[in-house]
Amino acid sequence: MQTLPQRLYLLCYTVDKSKFEAVDLQGRGQLLRAGALAELAFTGLLGTGEGKVVRLDAPPPADPFLADVWRDLPPDKPAKWLEFLHAKAHTAERPVRDQLVAAGAVTPPAKRTWSPLGSHKVTVNDPESVLALQRRARTAVLAYPDPAAVPPDELAMAVLATECEVTTVLTGKERREHKRTLKALAARFDDAVPGLRRALRDSFLSSRGTGGGWGR
């Protein structure tokens, strides 16, 4: 089963163009780390409160990327979310991409290129599975009459992708049209993982404003 960061990586793929659009790559490192932190919260491996996070005393998760993010967290004194999203965002993509390559989900480019976007020119080997992921995230916004009924995974995919303005999930027009639903979903996510969503949004806007936010 794919982790939430792996699903968020694939969620950004534009199937009809067979590539990751540049607009959906900026800030993806923060998105993947936010996905890891959300999964750690859902599985009870971190504590939250007052806009801060702390690592709980427990065995580390089996997934290496989740474990690395978990180990970054302070074990005693809670700290603000932002530093665990922003500072290492540029390092998040490679380990997640390598996991997907090892699993056969994506194929890396045959030739190395010096382009800053070269490492992102992967081939997704099962486009239909990506479309299914995108439908799940969209359904959380467009089809559920009650935000409380949305499963946690779909909730996280929809909310986190919205904060990073991932166009393969919702267009800008759709985000405006469904603003009320998105607000309700965000509130439910905030109840589960208080402070993470706002920190992700702040990190994304900060990177975009300075022309940064590109992963490796």
Side-chain angles (χ1 to χ4, degrees), residues 3-9 11-12 23-56 65-66 69-70 72-74 78-89 92 96 133-134 136-142 144 146-172 174-209 212-213 215:
T3 64
L4 182 54
Q6 290 168 2
R7 292 195 295 277
L8 289 169
Y9 179 100
L11 200 65
C12 299
V23 68
D24 292 320
L25 291 174
Q26 194 171 23
R28 192 167 64 176
Q30 290 99 314
L31 177 64
L32 300 183
R33 286 187 67 87
L37 290 165
E39 185 159 342
L40 292 170
F42 292 159
T43 53
L45 291 175
L46 54 80
T48 65
E50 298 181 356
K52 295 183 178 181
V53 60
V54 67
R55 187 175 81 211
L56 296 181
F65 180 66
L66 293 178
V69 174
W70 180 76
D72 284 340
L73 301 173
K80 292 183 178 179
W81 288 99
L82 188 60
E83 63 183 280
F84 307 109
L85 287 171
H86 202 76
K88 291 189 175 181
V96 175
L133 275 178
Q134 292 166 350
R136 286 171 60 193
R138 287 175 58 79
T139 296
V141 180
L142 305 179
Y144 274 92
D146 180 9
V150 178
D153 271 3
E154 280 82 349
L155 176 71
M157 286 194 293
V159 169
L160 298 179
T162 296
E163 296 303 333
C164 288
E165 301 180 14
V166 176
T167 63
T168 53
V169 176
L170 296 173
T171 65
E174 287 173 325
R175 288 195 298 271
R176 292 189 295 273
E177 289 175 344
H178 299 280
K179 192 173 182 178
R180 180 177 295 180
T181 300
L182 288 169
K183 185 176 181 179
L185 291 171
R188 185 179 162 218
F189 183 86
D190 289 348
D191 286 342
V193 197
L196 175 58
R197 180 186 61 85
R198 184 182 294 272
L200 174 61
R201 184 63 176 172
D202 288 346
S203 179
F204 172 73
L205 291 176
S206 173
S207 292
R208 189 175 66 176

Pairwise side-chain hydrogen bond (donor to acceptor under 3.5 Å, both in side chains) hits with a residue in residues 187-196, at least two apart: Asp190-Arg197
Evaluate Leu37 against Trp81 for side chain to side chain contact (heavy atoms under 4.5 Å, CB included), listing each step before the verdict. CA-CA 9 Å; Leu37 290 165; Trp81 288 99; 3.9 Å; yes
By salt bridge (charged side-chain N to carboxylate O under 4.0 Å, His left out) - contacts of Glu83 (at least two apart): none
Quick one: does any side-chain atom of Ser207 pair with a main-chain N or O of Ser203 as donor and acceptor, under 3.5 Å? yes
Return the set of residues passing side chain to side chain contact (heavy atoms under 4.5 Å, CB included) with Lys80 (not counting sequence neighbours), or none when no residue passes. Lys52
Taking salt bridge (charged side-chain N to carboxylate O under 4.0 Å, His left out) as the test, write out the residues that go with Asp202, two or more places apart. none
If only atom types and distance count, is the side chain of Arg55 paired as donor or acceptor with the main-chain N or O of Pro74 below 3.5 Å? no
Without placing hydrogens or testing angles, list every side-chain donor-acceptor pair under 3.5 Å for residues 40-49, not counting sequence neighbours.
residue : atom : partner : partner atom : Å
Thr43   : OG1  : Glu39   : O            : 2.8
Thr43   : OG1  : Leu40   : O            : 3.2

Using every non-hydrogen atom in the two residues, find where Leu31 and Cys164 come nearest and quote the distance to one decimal. CB-SG, 4.0 Å
For the student: nearest non-hydrogen atoms of Val96 and Pro5, plus distance: CG1-O, 3.9 Å
Looking at every heavy atom in both Leu82 and Ala199, which two are closest together, and how far apart are they? CD1-O, 3.4 Å
Residues two or more places apart in sequence or in another chain: which of them pass side chain to side chain contact (heavy atoms under 4.5 Å, CB included) with Ala149? Tyr144, Asp146
Results of side-chain hydrogen bond (donor to acceptor under 3.5 Å, both in side chains) for Thr168 - residues two or more places apart only: none
Evaluate Leu185 against Phe189 for side chain to side chain contact (heavy atoms under 4.5 Å, CB included), listing each step before the verdict. CA-CA 6 Å; Leu185 291 171; Phe189 183 86; over 6 Å; no
What closest approach, in Å, do Leu11 and Ala161 show between heavy atoms, and which atom pair accounts for it? CD2-CB, 4.1 Å
Leu85/Leu196 under side chain to side chain contact (heavy atoms under 4.5 Å, CB included): CA gap, chis, key distance, verdict: CA-CA 9 Å; Leu85 287 171; Leu196 175 58; 4.0 Å; yes
For Glu165, which residues count as a side-chain hydrogen bond (donor to acceptor under 3.5 Å, both in side chains) partner, sequence neighbours excluded? Arg201, Arg208
Is there a donor-acceptor contact under 3.5 Å from the side chain of Glu154 to the main chain of Ala137? no
Closest non-hydrogen contact found for Ala38 with Leu160 is CB-CD1, 4.4 Å
List for me each residue that meets side chain to side chain contact (heavy atoms under 4.5 Å, CB included) alongside Thr162, sequence neighbours excluded, and say none if there are none. Leu170, Arg175, Leu182
Only counting residues at least two apart or in another chain, list the ones meeting salt bridge (charged side-chain N to carboxylate O under 4.0 Å, His left out) with Arg7. Asp153
Applying salt bridge (charged side-chain N to carboxylate O under 4.0 Å, His left out), can you list everything that pairs with Lys88, at least two apart in sequence or on another chain? Asp72
Distance-minimising heavy-atom pair for Thr167 and Val23: OG1-CG1, 4.1 Å
Identify whether NZ of Lys or CZ of Arg in Arg33 sits under 6.0 Å from the centre of the six-membered ring of Phe84 and within 45° of that ring's axis. no
Would you give the length of the straight line joining atom CH2 of Trp70 to atom CG of Leu56, rounded to the nearest 0.5 angstrom? 8.5 Å
Under the side-chain hydrogen bond (donor to acceptor under 3.5 Å, both in side chains) rule, collect the residues that match up with His178, sequence neighbours excluded. none
